[in-house]
Peer 1: 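This is the structure I want to talk about, given as structure tokens.
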Amino acid sequence: MNPEGLTKDMKSLIFEDQWRNAFDDAESTPADAVWLAVESDLVAAENIKIKRTVIIYQRIAAASTVFALMLGLLSYHYWSDLSYTRLAQGISQPKRTDPLHVNPSGMGNAPSLLMNRVKGGKDATVSVPKGPSGIISGPHDEQTYASLPIRTGSDSLDRKMMIRESLVLDVIKEWPIKIKMTPVERISLPEKLLPVGEAMLSRPTLWASIGASTGVYSPEASGTSASLGTAPSSPGNSASTSHSAFGTSNSIWAMIGRRIFTRWLLQGGITYLKQSLGYTSNLVATASSQQQTFAQPYNPTLYSAVTTLRTYPINSVLEYVSIPVQTGYMILNGKIGLQINAGVSADLFVHNSLRDETGLLSNFSKGPGPDSPYRSLNWAGLASAELTYRLSRQYSLSIVPGVRYCFESALKNGADHPNVKDVGFRFRYNLR
Amino acid sequence: MSNEYIGLMFSDQEFIKGCASGDRAVQKALYERYCRKMMAVCLRYAGSEEEAEDILQEGFVKVFKNIHTFRGESRLDTWIARIMINTSLNHQRHKMYLIPLIAEEDIAASETEEVSLAEFHLAELIAIVQSLPDGCRLVFNLFAIEGYSHKEIAKMAGISEGTSKSQYNRAKNLLRIRINEPGRAYKRYEESHI
């Protein structure tokens, strides 16, 4: 190229073209450390994102816990108020519109449900002594609450309460599922590209799980039989109750877990717990305003008059909503994982129902409250192992054998320590 | 398989999808495919190899964080190069006040001697460009290599259009002088990877 004959602009163009061509497709290899630095920056940025996400989930968890506690407190107050309302109604103006119920006076009225059943059933010979007001006579006639009407299935107030209980339980059951969990980006660095030690850190750090378990419920170390004294109304007939050594326990749960250190994790959530136990008893309770008798495995001095009957089987079902908090240690954390968990659980008593297996006596149900024989809040210790199989990056399935040990008896005046040995399945979705 | 060939296994769409989803293997493949070309870009704008690597690192982090915004209106490498240039600009923005205010007419253009760059090794050319003052180097790269107008450069760098022109003229003169000084060997990259 001869630049002599070119104009200034053309020379300039040649100059720029020369440089542009010189650098066209130019390449230079950077140091390997640059990628490591890029990767480090990306991990740091992702960690910040994880922290923000975790903070959000922590706030959701905290809000959920507060919500659950508030719900528990509201339920507690609701049932307490309801008990007082019923007490007041029982004392002042018992209202019974159900034609199946007798007049409070109890004189010459239609027979009660129990009496119908008794007359129509095989046990028609059973005689229940009655006082002048229709109440089964006995030492508990003198009790302040002797006239307290005990719930029946046809009572409108009870129906209302049952509906509310059902709604509350539905909310509690569905509540964790309704939390909309925003999917977050996962750290998907292949483990083989990670240095030793960081491979562990690439494992899930935040997860949600649902599960169910079933097992053996033991109210004590073994079955007991207790003599509760003699009912004067039926001299010589000793009131007693005994329960089988083991019942069944079923639970469902939803939990959120987070790894707090390399091998340590923390998880909590909400559990619905149902414990069933078989009894035999010869105690019955009766309402003053209606001639109904109810299955009673314990001495119900606060409720109504009791008397003895021939021994009959009872099925007792305790229901709890519990809030467990557990810490765990991951022994293995590969395709197959193994961890051990320990923690505590706050068990909010929902209600207890007693059902006479023979069908002669009416069912009895009781919620928490000052007049309830059951503690509103129980604490239990939890211990479990968890054998996990990772189905994919996001899903895993675990088998969870565990033990639950209650620090106090379910009954306020009880001294036993119920425990549960169960086996559960946990389905886990890894959020991060 | 060599790292540089791993990147050839992916299409631009696969790169975008994989990087946007945070797949580290795809991110590394993208890096392997374009890091050498982008390093050459960064070397032109930086005053040293270390600074170029800093720009490259920062630029690729921006690429991975923002690749979901890539609309496919240009080639992927063009988009990445633009990010590298912007990162270089940000790196040099704090040096802008160091650009001397030289009037265009003060620059005596010496256009009598033209030389061919063909006889220069790329490493030497990069070393010559890096030897320019910061302001001159920036304007030279943007105007001569990237093809921006002085008006656009003035807007990008936050300087006046006249300053951009004067810096460019000064850069041209300095380059001509240094190219015509064969005794001043720029051997910085003689043993480099270029």
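Every chain is numbered from 1, with letters handed out A, B, ... down the list of sequences. Values in this document were obtained by computation on a predicted structure and should not be read as measured data. Because only heavy atoms are used, hydrogens play no part in the values below, and waters and symmetry mates are left out as well, while side chains stay in.
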Peer 1: Begin from the C-alpha positions of B/Q57 and A/D41 and carry the test side-chain contact (heavy atoms from CB on, under 4.5 Å) through to its verdict.
Peer 2: CA-CA 9 Å; B/Q57 173 195 336; A/D41 283 355; 2.7 Å; yes

Peer 1: For chain A, which residues from residues 59-69 of chain B lie under 4.5 Å away (heavy-atom distances)?
Peer 2: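 Listed by number, the contacting residues are B/F60, B/V61, B/F64, B/K65.
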
Peer 1: Using a cut-off of 6.0 Å, state whether more than 12 heavy atoms not belonging to A/F427 lie near its atom CZ.
Peer 2: yes

Peer 1: Determine yes or no for a side-chain-to-main-chain donor-acceptor pair under 3.5 angstrom, with B/E53 supplying the side chain and A/P30 the backbone.
Peer 2: no

Peer 1: Quick one: sort the B/Y31 and A/W35 rings into parallel, tilted or perpendicular, breaks at 30° and 60°.
Peer 2: tilted

Peer 1: Residue by residue, scan residues 72-88 of chain B and write down, ordered by number, those that have a heavy-atom distance under 4.5 Å to chain A; if none do, write 'none'.
Peer 2: none

Peer 1: If a pair satisfies salt bridge (Lys or Arg N to Asp or Glu O under 4.0 Å) and one of its residues is in residues 9-18 of chain B, list it, with sequence neighbours excluded.
Peer 2: none

Peer 1: Would you mind checking which part of B/V129 comes under 4.5 Å of any heavy atom in chain A, side chain (CB onward), backbone (N, CA, C, O), both or neither?
Peer 2: side chain

Peer 1: With side chain to side chain donor-acceptor pair (under 3.5 Å) as the test, would you mind laying out the steps for B/Y168 and A/E16 before giving the verdict?
Peer 2: CA-CA 11 Å; B/Y168 180 64; A/E16 287 146 14; 2.7 Å; yes

Peer 1: Could you state the interatomic distance from CD (A/Q18) to CG (B/L175), rounded to the nearest 0.5 Å?
Peer 2: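 Answer for the CD-CG pair, A/Q18 versus B/L175, is 11.5 Å.
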
Peer 1: What is the distance from atom CG of A/D24 to atom CG of B/L122, rounded to the nearest 0.5 Å?
Peer 2: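 With rounding to 0.5 Å, CG (A/D24) is 11.0 Å from CG (B/L122).
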
Peer 1: Contact between B/R24 and A/L42 at the side-chain level, heavy atoms closer than 4.5 Å - yes or no?
Peer 2: yes

Peer 1: Is the count of non-hydrogen atoms from other residues, nucleotides or ligands lying under 6.0 Å from A/K335 atom NZ greater than 12?
Peer 2: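 Yes - once you tally the heavy atoms of other residues, nucleotides and ligands closer than 6.0 Å, there are more than 12.
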
Peer 1: Give the table of side-chain donor-acceptor pairs shorter than 3.5 Å for residues 323-331 of chain A, with sequence neighbours excluded, one pair per line with atom names and distance.
Peer 2:
unit_1	atom_1	unit_2	atom_2	d
A/Q326	OE1	A/Q267	NE2	3.3
A/T327	OG1	A/L265	O	3.1

Peer 1: Using only atom types and a distance under 3.5 Å, with no angle test, would you say the side chain of A/R20 pairs donor to acceptor with the backbone of B/E146?
Peer 2: no

Peer 1: Are A/W19 and B/I128 side-chain neighbours, meaning at least one heavy-atom pair lies under 4.5 Å?
Peer 2: yes

Peer 1: For B/Q27, which atoms come within 4.5 Å of any heavy atom of chain A: side chain, backbone, both, or neither?
Peer 2: both

Peer 1: Supply the atom-to-atom distance B/E49 CD to A/S28 OG, rounded to the nearest 0.5 angstrom.
Peer 2: 6.5 Å

